[in-house]
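Counting starts at 1 for both ligands and their atoms, following the listed order.
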Amino acid sequence: MHGVLHSLAEIANSAGITDVVICPGSRSAPLVLAFVRHGAFKSHVFSDERSAAFIALGMAQRTARPVVLISTSGSAAYNFAPAIAEAFFQQIPLLILTADRPREWIDQLDGQTIRQTNIFSGHVKRAWELNADYTHADSAWFAQRTFSEAIYTAEDAAPGPVHINFPFREPLYPISGSPIPEVPHRFIKSQAPVMTPSPHEMDELRYRLKAFDRILVVAGQGVHNNPLRQAVVQFTEHHQAVLVGDVLSNFHTAVQTVRHADGFLGALDSDRQATLAPDLLITFGLSVISKNLKQFLRRHRPTEHWHLQPIGMAPDTFQSLTRIVRTDPVWFFTAASAQHTESKNTAYRAHWLALESGTATAVKRFFDATPSPSEFGAVHELLAHLPENSTLHLANSMPVRYANFIGLRHHQDVRVHANRGTSGIDGCTSTALGHALADQHTQVLLTGDVAFFYDSNAFWHDEPFPNLRIILLNNHGGGIFGLIDGPGNLPELPAYFITNQARNARALCAEFGIRYERYSTPGQWSGFFAGDGPALMEIESTTEQNKIIFHSFKQYLTSAV
Ligand SMILES: Cc1ncc(C[n+]2csc(CCOP(=O)(O)OP(=O)(O)O)c2C)c(N)n1
């Protein structure tokens, strides 16, 4: 038994890591035993590595702490890749530990052996490989130093996944009753820096802000953050700026947030769009959902575009970036509104807010006049019935779009998540399940059928998840391909894009002990959420129906704005 591995578990414990996700295997036994026998960790066991990694991602996202993820060698490790890519682009800390054979056994046709060195390269912040010898004092020093580095790299100002590959020689299991050698541990702590612009830069930014009358702030995907919300609201009042925040920005609780930009930008022609063009664009956070917003900003480029980001690669999503301000957005918005109130022109903000309010009313009128059930109508009802203090998980891809067109209301105490780092359909259920294991509040997953059946191994384990509620929009295929421009009219659409499937979720729910309901009336929602869980509500529809309703929604908005 390698005493040094126990010292690594001790380092993880000292760093405040609480959860370990384990995927069973033999080569990884030394790692598994080190963490399980340590006694301080909550261990979770999942056999499907792809799903396990998304579950770990959900847990890490909820707890804002790195989660340890352990696999054995070979394709087991490779199956972590989709979730690692998602964690990388969503900046979620994961500490991935993979077991491997020693170097000399790679490419020798030995079992369960692939090329694991740097296997996740490109989608981890850093990767290390340890020595197969764990007994030499320098190897122990190397392993402990690497482990500390891995933890603080994962947690840095722009968090993300990190990977350590552990080659192990046999024997992999301890001799029964043999004591674990004591190896003293040393944890190298690192505090993430507080990034602020210099007083000179901030003065210059304040000075430049005065020159702009048409300031547009776009919040990208981000978790709910009260201090940030307050700072942005104060800034927008102070500078008569507009705040656009889609459903994944978690800014719906700020009353003046423009939540329906996707809807009205898609309905306006280029001349009317031009009347909304900013002269200064300020962005922060991760990606935005709306293609209409991206196209609008790429077409009507601002004079300046500042992106607020403390550290790391800054995206030029709107092809207009002129400045990266290396600071926490809370700090920037507070500092930029600290002086006396500016006498700014209010017309720009009023123009955006008038469109926002007109669109919000149009959305409500459309659904009031469109009889349920349709999948879009059901999403409208669902959003109005979400339990207080719940978390809404939006699967890719129509669920997240529907929810963004409708929007949440200001008073709703609901947090929203989606895997928009890579926009994959492969781990949406597992990620929601990770949240359900880390957070006792109600977790509501809105998903399409392909994403749902794809990821059904999210339920294949012994962990209870009574707080999970799933709303399944079963249109029997990838409905999005029938709704978007492009494949919509191709003869190949049903066979090669939508790929129809006939099943419903009743049998799957029975197999995994999930209460099953079929949607028939709006009166069902409160009982569905209040009843004992886990539970799934299935809403069946056809792509033809959905296409008619979605297109009439877009036409309605065009005539309304
Ligand atoms: C892992 C992965 N494979 C393929 C895709 C491409 N893709 C995007 S949406 C989609 C269909 C999703 O269907 P469903 O979950 O039923 O949702 P709906 O489109 O009906 O809303 C596919 C295959 C993807 N995003 N991720």
Side-chain angles (χ1 to χ4, degrees), residues 48-55 57 78-90 123 221 247-248 262 287 289-291 373-380 382-383 392-406 418-432 444-458 470-488 490 492-505 508 519 536-551 553-554:
D48 178 332
E49 286 84 6
R50 183 191 52 75
S51 165
F54 278 107
I55 293 173
L57 178 142
Y78 231 178
N79 273 298
F80 285 164
I84 290 175
E86 181 64 36
F88 183 75
F89 289 111
Q90 264 200 76
H123 292 118
Q221 181 175 8
V247 72
L248 296 179
D262 197 22
S287 61
I289 305 166
S290 168
K291 198 169 169 183
S374 72
E375 68 173 24
F376 201 3
V379 177
H380 184 253
L382 164 71
L383 296 192
L392 175 65
H393 300 270
L394 297 168
N396 293 306
S397 57
M398 280 317 287
V400 70
R401 284 158 209 251
Y402 282 147
N404 190 42
F405 274 118
I406 297 163
N419 282 350
R420 294 303 284 184
T422 65
S423 300
I425 57 169
D426 41 357
C428 305
T429 310
S430 295
T431 305
V444 181
L445 168 67
L446 177 66
T447 178
D449 51 294
V450 179
F452 178 73
F453 290 117
Y454 192 134
D455 194 17
S456 59
N457 276 352
I470 301 158
I471 291 79
L472 171 60
L473 303 178
N474 191 352
N475 51 40
H476 299 284
I480 183 162
F481 299 114
L483 301 186
I484 56 173
D485 298 333
L490 296 179
E492 291 87 354
L493 177 70
Y496 296 101
F497 293 89
I498 290 181
T499 48
N500 289 318
Q501 60 83 24
R503 60 161 73 183
N504 67 39
L508 189 145
Y519 177 89
L536 180 145
M537 172 93 83
E538 181 158 35
I539 298 160
E540 276 191 89
S541 64
T542 65
T543 298
E544 289 69 36
Q545 276 173 332
N546 298 329
K547 195 171 177 172
I548 292 168
I549 290 180
F550 192 57
H551 285 189
F553 173 77
K554 287 183 155 181

With a 3.5 Å distance limit and no angle check, can you tell me whether [X] reaches the backbone of [Y] through a side-chain donor-acceptor pair?
| X | Y | result |
| --- | --- | --- |
| E86 | G421 | yes |
| R420 | V400 | no |
| D449 | N475 | yes |
| D455 | S430 | yes |
| N404 | V247 | yes |

Q | atom 23 (C) of ligand 1 - nearest protein heavy atom and its distance | A | I425 CD1, 3.7 Å
Q | atom 1 (C) of ligand 1 - nearest protein heavy atom and its distance | A |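 Answer for atom 1 (C) of ligand 1: D426 CG, 3.6 Å.
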Q. So is P399 close enough to ligand 1, meaning a heavy atom under 4.0 angstrom away?
A.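 Checking ligand 1 against P399, which is what was asked, there is a heavy-atom contact under 4.0 Å.
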**Q.** N or O pair under 3.5 Å between Y454 and ligand 1
**A.**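 In this structure, Y454 places no N or O atom under 3.5 Å from an N or O of ligand 1.
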Q: For ligand 1, find out whether one of its N or O atoms is nearer than 3.5 Å to an N or O atom of I480.
A: yes
Q) Taking only residues two or more places apart in sequence or in another chain, which ones pass side-chain contact (heavy atoms from CB on, under 4.5 Å) with A52? A) V21, C23, F46
**Q.** Residues which pass side-chain contact (heavy atoms from CB on, under 4.5 Å) with A432, listed by chain and number, not counting sequence neighbours
**A.**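 side-chain contact (heavy atoms from CB on, under 4.5 Å) check on A432 returns H393, L445, L468.
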Q: Just go through G482, A451, C428, G424 and tell me whose heavy atom is the nearest to atom 15 (O) of ligand 1.
A: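 Selected option, by shortest heavy-atom distance: A451.
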Q. Is F481 close to T543 at the side-chain level, that is, under 4.5 Å between some pair of heavy atoms?
A.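 They are not in contact (no side-chain heavy atoms under 4.5 Å apart), so the answer is no.
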I need the contact type for [X] against ligand 1. Using non-hydrogen atoms and a strict under-4.0 Å cut-off, is it side chain, backbone, both or neither?
| X | answer |
| --- | --- |
| F481 | side chain |
| N475 | side chain |
| P82 | neither |

Q: For residues P399 and L446, report the shortest heavy-atom separation together with the two atoms involved.
A: CB-O, 3.5 Å
Output the list of atoms in ligand 1 that are nearer than 4.0 Å to some heavy atom of [X], sorted by atom number.
| X | value |
| --- | --- |
| S397 | 9 (S) |
| G448 | 14 (P), 15 (O), 16 (O), 17 (O) |
| M398 | 21 (O) |
| S423 | 25 (N) |
| G479 | 18 (P), 19 (O), 20 (O) |

